[in-house]
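Accompanying notes for the structure given below.
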Amino acid sequence: MKFTRVGAALLAGAGFVGGVVAAPGCMALSQQLGIQPAAARPADQAQTDRMLALFNTVLRRVRADYVDPVSNRTLIVNALNGMLTGLDPHSAFMTEQQWREMQSETTGQFGGIGLDVTENAGVLQVISPIDGTPASRAGIRPGDLITAVDGKSVEGLSLDDAVAALRGPPNSHLNLVIKRQGVDEPIVLALTRQIIHIETVKSQLMGDIGVIRISEFTEQTNHNVRAAVKKLRAEANGHLAGLILDLRNDPGGLLDQAIAVSDDFLDHGIIVSTHGRHPSDDEAWAAKPGGDMVGNLPVVILTNNGTASAAEIVAAALQDNHRALVLGTQSFGKGSVQTLIPLNGAGAIRLTTARYYTPSGRSIQGEGITPNVVVQESRKPEPHFGGEREAELHHILTGGTPEPPPPAIDVPEAARQIPKLPPPNWPALDPNKPETDFQLQQGLVLVRAMGASTRSASR
């Protein structure tokens with residue numbers, strides 16, 4: 001899940017690695033780590049010194065007596081990973097190589113198979129496949145568990161190490177073993193890695209309604225959304241009747257892009273606010289006057305359990321400001337901010353630094369966005385293993401503050417007739433055939449109902 005502010009140089013230098021190994025005593029060690037007695041109460045400092053001394057003892061014992069020689073670097077990196085991943089599912093330490101790969105991801109191009117994953121109770125869980133990638137074409141689904149890569153178990157690996165195992169040179173091959181709810185036998189897939197060019201925005205005109213699919217929020221997403229709207233207007237000969245934003249299985253991405261896309265459909269109101277540990281770090285972003293580029297046309301947003309983070313910001317911003325209705329199922333519920341902190345050539349920290357709040361003051365952390373119109377993808381939604389949503393992961397943050405109720409939104413009377421489940425004879429979903437996509441088809445119904453309601457109210 002990538003809701004990230006890149007380049008926040010809050011920490012500098014990697015000198016603490018040498019300090020851990022070389023410091024002769026716990027006080028010197030604590031000072032080299034930047035933990036000064038003056039910054040803590042005496043009892044807290046004494047406990048810190050004892051724990052750092054314990055760490056130093058364990059480090060020296062492992063170096064001296066482990067069955068095979070192990071480098072100081074390996075031990076320290078493992079310790080850093082444990083420190084951060086024990087906080088919440090989204091904090092982590094990144095080596096220099098992992099940091100470079102993270103930077104390439106946010107530009108929309110990287111090598112691999114095209115999965116967004118998380119670690120849950122020691123296993124690798126799929127949040128969503130990225131459209132048009134080897135993972136998507138192989139049929140990998142949200143909620144799948146990846147148990148082995150190329151014959152080696154990934155259980156117990158850090159998230160970044162597990163992701164590194166999935167990556168490799170373009171055109172190289174790998175085998176995955178997947179465990180899927182409701183399937184007794186392990187699923188074995190052979191995939192070929194490729195350079196992943198993330199086409200984050202796709203569009204199509206369905207009648208006089210435009211459908212814009214956003215698969216991830218990278219550096220070009222807002223530019224591409226604006227281009228898609230312009231293209232749809234031209235295809236509709238200037239008579240676009242409404243718009244659907246499809247954010248299903250969108251794992252998120254860059255904060256500034258989520259804000260920019262939200263601003264494309266708003267001309268007033270708060271988009272999102274963040275609240276961290278220190279009040280001075282709190283921020284809020286508001287829509288620019290006159291920013292609605294579709295002239296108040298009806299907008300429907302499609303969500304499911306794979307709609308996360310930055311995608312949830314867009315859905316909540318438009319929902320809370322009464323600019324769009326949300327149709328589908330409950331979103332993932334990741335309401336936290338991760339700041340990427342470079343460490344001057346020694347990698348970076350991905351650290352949870354704030355919670356974000358919707359315009360009405362809601363924290364969706366562990367809760368997600370509740371659709372205005374609930375519509376399931378199929379009559380019998382396939383059950384998933386634990387971890388399908390944020391609330392089911394380990395070590396998650398709480399919501400932070402009591403939530404106010406979501407703002408009341410008038411739903412057109414015709415929308416109240418939209419069925420929650422497809423009829424028994426509805427065809428199986430084929431991503432290449434929009435007519436089989438029940439949620440999309442009901443989204444079209446809802447857009448038309450919103451347009452009819454607006455025209456009636458204006459008479």
Side-chain angles (χ1 to χ4, degrees), residues 1 89 112-159 161-168 172-194 248-251 303-308 328-334 368 374-396 420-433 436-439:
M1 316 292 285
I113 60 172
L115 280 177
D116 197 83
V117 296
T118 189
E119 184 273 335
N120 184 29
V123 297
L124 197 61
Q125 180 135 9
V126 175
I127 298 300
S128 62
I130 298 171
D131 290 354
T133 63
S136 176
R137 292 192 293 270
I140 296 177
R141 304 176 185 175
D144 282 349
L145 301 181
I146 299 174
T147 61
V149 178
D150 287 336
K152 295 183 179 180
S153 173
V154 298
E155 185 172 357
L157 290 181
S158 71
L159 179 58
D161 285 342
V163 169
L166 296 174
R167 290 180 170 167
S172 62
H173 304 287
L174 78 163
N175 292 307
L176 298 184
V177 179
I178 288 177
K179 189 170 178 58
R180 180 173 295 164
Q181 184 77 32
V183 178
D184 294 335
E185 298 296 324
I187 299 171
V188 180
L189 298 175
L191 297 95
T192 300
R193 297 180 179 94
Q194 66 180 46
R248 293 174 296 177
N249 295 330
D250 183 331
T303 64
N304 65 1
N305 64 291
T307 304
T329 54
Q330 196 87 358
S331 65
F332 187 79
K334 180 180 178 292
V374 176
V375 176
Q376 300 285 348
E377 178 184 296
S378 64
R379 289 190 65 83
K380 295 181 179 180
E382 294 187 11
H384 293 282
F385 295 97
E388 178 184 352
R389 300 176 61 245
E390 175 86 2
E392 297 165 347
L393 302 179
H394 289 265
H395 309 299
I396 70 163
K420 293 184 178 181
L421 298 172
N425 60 346
W426 191 266
L429 175 64
D430 183 340
N432 297 314
K433 297 179 179 179
T436 68
D437 188 336
F438 187 71
Q439 290 172 325

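Predicted model, so just to flag it, every value in this text is computed and none were measured.
Interatomic distance, CG of Leu176 versus CG of Leu115, reported as 7.5 Å (0.5 Å rounding). Taking CZ of Arg193 as the reference point, atom CG of Leu174 lies at 4.5 Å (rounded to 0.5 Å). Taking CG of Leu145 as the start and CD of Glu155 as the end, the distance is 10.5 Å to the nearest 0.5 Å. From Arg167, atom CZ reaches atom CD1 of Ile113 across 10.0 Å, with rounding to the nearest 0.5 Å.
Among residues at least two apart or in separate chains, side chain to side chain donor-acceptor pair (under 3.5 Å) pairs with a member in residues 182-192 are His173-Thr192.
No side-chain heavy atom of Val126 sits less than 4.5 Å from a side-chain heavy atom of Arg141. In this structure, the side chains of Asp437 and Arg248 come closer than 4.5 Å at one or more pairs of heavy atoms. Contact of the Trp426 side chain with the Ser378 side chain is not registered, since no non-hydrogen atoms from C-beta on lie closer than 4.5 Å. Residues Lys179 and Pro186 form no side-chain contact, since every pair of their non-hydrogen atoms from C-beta on lies 4.5 Å or further apart.
For the pair Asn304 (side chain) and Asn249 (backbone), a donor-acceptor distance under 3.5 Å is present. Distance alone, capped at 3.5 Å, places no donor-acceptor pair between the Thr329 side chain and the Gln376 backbone. One N or O on the side chain of Gln439 and one on the backbone of Val375 form a donor-acceptor pair closer than 3.5 Å.
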Between Ile187 and Asp144, does the side chain to side chain contact (heavy atoms under 4.5 Å, CB included) criterion hold? Intermediate values first, please.
CA-CA 10 Å; Ile187 299 171; Asp144 282 349; 5.9 Å; no

